[in-house]
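Beneath this line is the structure, given in structure tokens, with notes to follow.
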There are 2 protein chains.
Amino acid sequence: MALASALRLMGVLGGMGPAATIDFLAKVLRVTPASIDQEHVPMIVHDVPQIFDRVAPIFAGTDEPLAAMQQGVLRLEGAGVEAIAIACVTAHHWYDRLAATVNVPILHIADASVVKLQTERAPRRLGLLATRGTCKSGFFSQRLADQGYDLIVPDEDIQLHLDQSIAAIKRADLVLAAEAAEAAGAAFAKTGIERFLIACTELPIAFAPTRYNALAVDSTLALAEACVAFSRSSSRS
Amino acid sequence: MALASALRLMGVLGGMGPAATIDFLAKVLRVTPASIDQEHVPMIVHDVPQIFDRVAPIFAGTDEPLAAMQQGVLRLEGAGVEAIAIACVTAHHWYDRLAATVNVPILHIADASVVKLQTERAPRRLGLLATRGTCKSGFFSQRLADQGYDLIVPDEDIQLHLDQSIAAIKRADLVLAAEAAEAAGAAFAKTGIERFLIACTELPIAFAPTRYNALAVDSTLALAEACVAFSRSSSRS
């Protein structure tokens with residue numbers, strides 16, 4: 001059994017929320033070609049949910065969650081990871097300042113999503129399924145616009161269903177989460193949207209049992225693929 | 001929103017294998033009373049599967065996996081955890097030396113299982129569903145014997161089914177894993193065993209879709225409950 005691993009140690013800034021972190025880890029597992037333990041991606045997971053809510057500070061223009069996230073990426077760097085994935089889309093509002101906090105690269109979930117959209121030859125116009133904070137911040141739409149993708153932001157009615165769905169996942173109410181996701185998908189489809197981009201790490205869990213899942217590109221899965229690709233890439237040195 | 005958390009930071013020595021680690025994290029989530037992110041257990045997860053196989057060294061009387069596991073618990077202690085759970089039963093063969101490596105307590109999955117057996121008023125005689133290494137080592141049976149439980153070790157025929165089931169989980173073949181688990185359960189039941197103790201963190205995944213799941217006490221779930229209870233307990237200081 002070869003133990004000298006060619007795989008690079010990855011860090012995961014998780015806990016936002018814990019169910020989303022588990023979904024991300026499960027997707028890393030799913031997209032890793034492995035037949036024994038030792039072929040799987042080595043990871044240190046910072047699954048610490050005691051971080052201030054991300055959405056309200058984006059609207060207030062404040063940075064309450066930043067210090068705890070910086071502590072998280074510093075702990076991961078201290079543990080020896082070679083790159084970090086953030087298993088929360090909204091947290092990427094602070095991407096630049098988190099990236100400046102550590103010397104290791106932080107993968108960006110929007111960039112990973114662009115790779116996936118290109119691979120899947122997705123249409124250029126997609127409905128954005130995200131938190132209110134991600135929509136308000138605009139970083140995700142901007143990164144995708146730079147690559148020629150037009151993300152349609154949900155109207156208030158659709159966003160209320162998404163808010164409800166995300167909150168339900170965080171309290172483990174999967175039935176209500178799916179019902180609210182279904183309602184959001186239906187209302188979005190009525191506006192003429194045919195394909196979706198799920199840009200929130202809780203929403204893939206909510207959409208999984210709905211009819212809209214097959215019409216959606218999942219940014220969590222995209223980040224998982226980027227994480228596995230980085231781990232399997234050869235060392236920088 | 002109260003951010004000053006009363007929850008203690010837990011460490012998880014995982015990666016043995018990665019699917020078992022995810023199953024453990026999902027069970028921690030399931031048994032945590034929480035309605036928002038911040039009420040969930042904070043954890044650092046050492047999900048590094050590049051550890052030498054545990055079973056063969058137990059038969060050879062050698063310690064190949066120990067150094068990597070020691071590095072893991074030291075990394076977790078360095079990251080500030082207050083206690084550690086090991087999400088692999090067989091790895092507990094080296095429990096005493098791992099516990100001596102760090103200054104924080106390491107929960108023992110057999111002790112957690114005893115608590116669960118007592119809570120569930122389980123019968124005193126149970127079929128042991130475990131790796132060949134756990135059966136050979138004897139630590140699990142001994143800890144339970146000390147508390148009055150008689151674990152019946154699988155015969156060679158049953159153990160071959162279990163070996164096959166565990167290996168299938170590690171390569172994500174859930175169908176074969178469940179078929180082999182079903183065969184092991186059926187063969188064990190023929191010997192007169194009515195209830196089981198799943199003392200391997202891969203086997204709950206394999207047994208979940210089988211008829212024997214309802215007859216089994218799950219040591220992963222027991223460890224998850226012990227982890228949540230420790231995190232919610234007041235600090236030692």
Side-chain angles (χ1 to χ4, degrees), chain A residues 1-7 9-10 12 14-30 32-54 56 64-65 68 71-72 75-76 78-80 88 167-173 202, chain B residues 1-7 9-10 12 14-30 32-54 56 64-65 68 71-72 75-76 78-80 88 167-173 202:
Chain A
M1 184 177 62
L3 270 181
S5 168
L7 295 167
L9 183 64
M10 305 299 292
V12 179
M16 302 178 283
T21 303
I22 292 171
D23 187 54
F24 174 71
L25 297 177
K27 283 169 181 165
V28 168
L29 197 72
R30 194 210 294 176
T32 303
S35 59
I36 56 170
D37 284 358
Q38 292 76 13
E39 292 167 357
H40 283 278
V41 172
M43 291 186 284
I44 309 282
V45 186
H46 192 266
D47 189 19
V48 179
Q50 283 70 36
I51 296 184
F52 201 96
D53 170 58
R54 278 70 61 197
E64 286 90 339
Q71 184 187 34
R75 267 187 185 154
L76 290 169
C88 170
I169 290 292
K170 288 179 186 292
R171 58 173 191 273
D173 185 346
E202 255 102 23
Chain B
M1 185 176 62
L3 269 181
S5 170
L7 295 167
L9 183 64
M10 304 299 294
V12 179
M16 304 177 280
T21 303
I22 293 171
D23 187 54
F24 174 72
L25 297 178
K27 284 169 180 164
V28 168
L29 198 72
R30 192 210 295 176
T32 303
S35 59
I36 56 170
D37 285 358
Q38 291 77 13
E39 292 167 356
H40 283 278
V41 172
M43 292 186 284
I44 309 282
V45 186
H46 192 266
D47 188 20
V48 179
Q50 284 69 36
I51 295 184
F52 201 94
D53 169 60
R54 277 70 64 198
E64 286 90 341
Q71 184 189 33
R75 268 187 184 154
L76 290 170
C88 169
I169 290 292
K170 289 179 186 293
R171 60 174 191 272
D173 185 345
E202 256 103 22

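In what follows, chains carry the letters A, B, and so on, assigned in the order in which the sequence lines appear, proteins first and then strands, with residues in each chain numbered from 1. Since the structure is predicted, the reported quantities are computational estimates derived from the model, not experimental observations.
Among residues at least two apart or in separate chains, salt bridge (charged side-chain N to carboxylate O under 4.0 Å, His left out) pairs with a member in residues 20-29 of chain B are B:Asp23-B:Lys27, B:Lys27-B:Asp218.
Interface summary for chain A: among B:Val45, B:Leu76, B:Ile169, the most heavy-atom pairs under 4.5 angstrom belong to B:Val45. The choice from B:Thr21, B:Val48, B:Val28 that makes the most heavy-atom pairs within less than 4.5 Å of chain A is B:Val48. Each of A:Pro33, A:Pro18, A:Ala79 has some count of heavy-atom pairs under 4.5 Å with chain B, and the biggest count is that of A:Pro18.
Only the side chain of B:Leu9 comes within less than 4.5 Å of a heavy atom of chain A; its backbone N, CA, C and O stay farther away. Contacts of B:Ala168 with chain A are absent, with no heavy-atom separation under 4.5 Å from either backbone or side chain. For a residue to count as touching a neighbouring chain, one of its non-hydrogen atoms must lie under 4.5 Å from one of that chain's; by this rule A:Ala19 touches chain B with backbone and side chain alike. Contacts of A:Val41 with chain B are made by backbone atoms alone, with heavy-atom separations under 4.5 Å and no side-chain atom involved. Both the backbone and the side chain of B:Leu25 come within less than 4.5 Å of a heavy atom of chain A.
Scanning for side-chain contact (heavy atoms from CB on, under 4.5 Å) contacts around B:Ala34 gives B:Thr32, B:Glu39, B:His40, with sequence neighbours left out.
Considering only heavy atoms from C-beta on, A:Ile44 stays 4.5 Å or farther from B:Asp47 through its side chain.
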Steps toward salt bridge (Lys or Arg N to Asp or Glu O under 4.0 Å) verdict (B:Asp37, A:Arg171)
CA-CA 8 Å; B:Asp37 285 358; A:Arg171 58 173 191 273; over 6 Å; no

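Side chain of B:Gln38 to backbone of A:Gln50: no donor-acceptor contact under 3.5 angstrom is found.
Residues B:Pro49 and A:Pro42 come closest through the heavy atom pair CD-CA, 3.7 Å.
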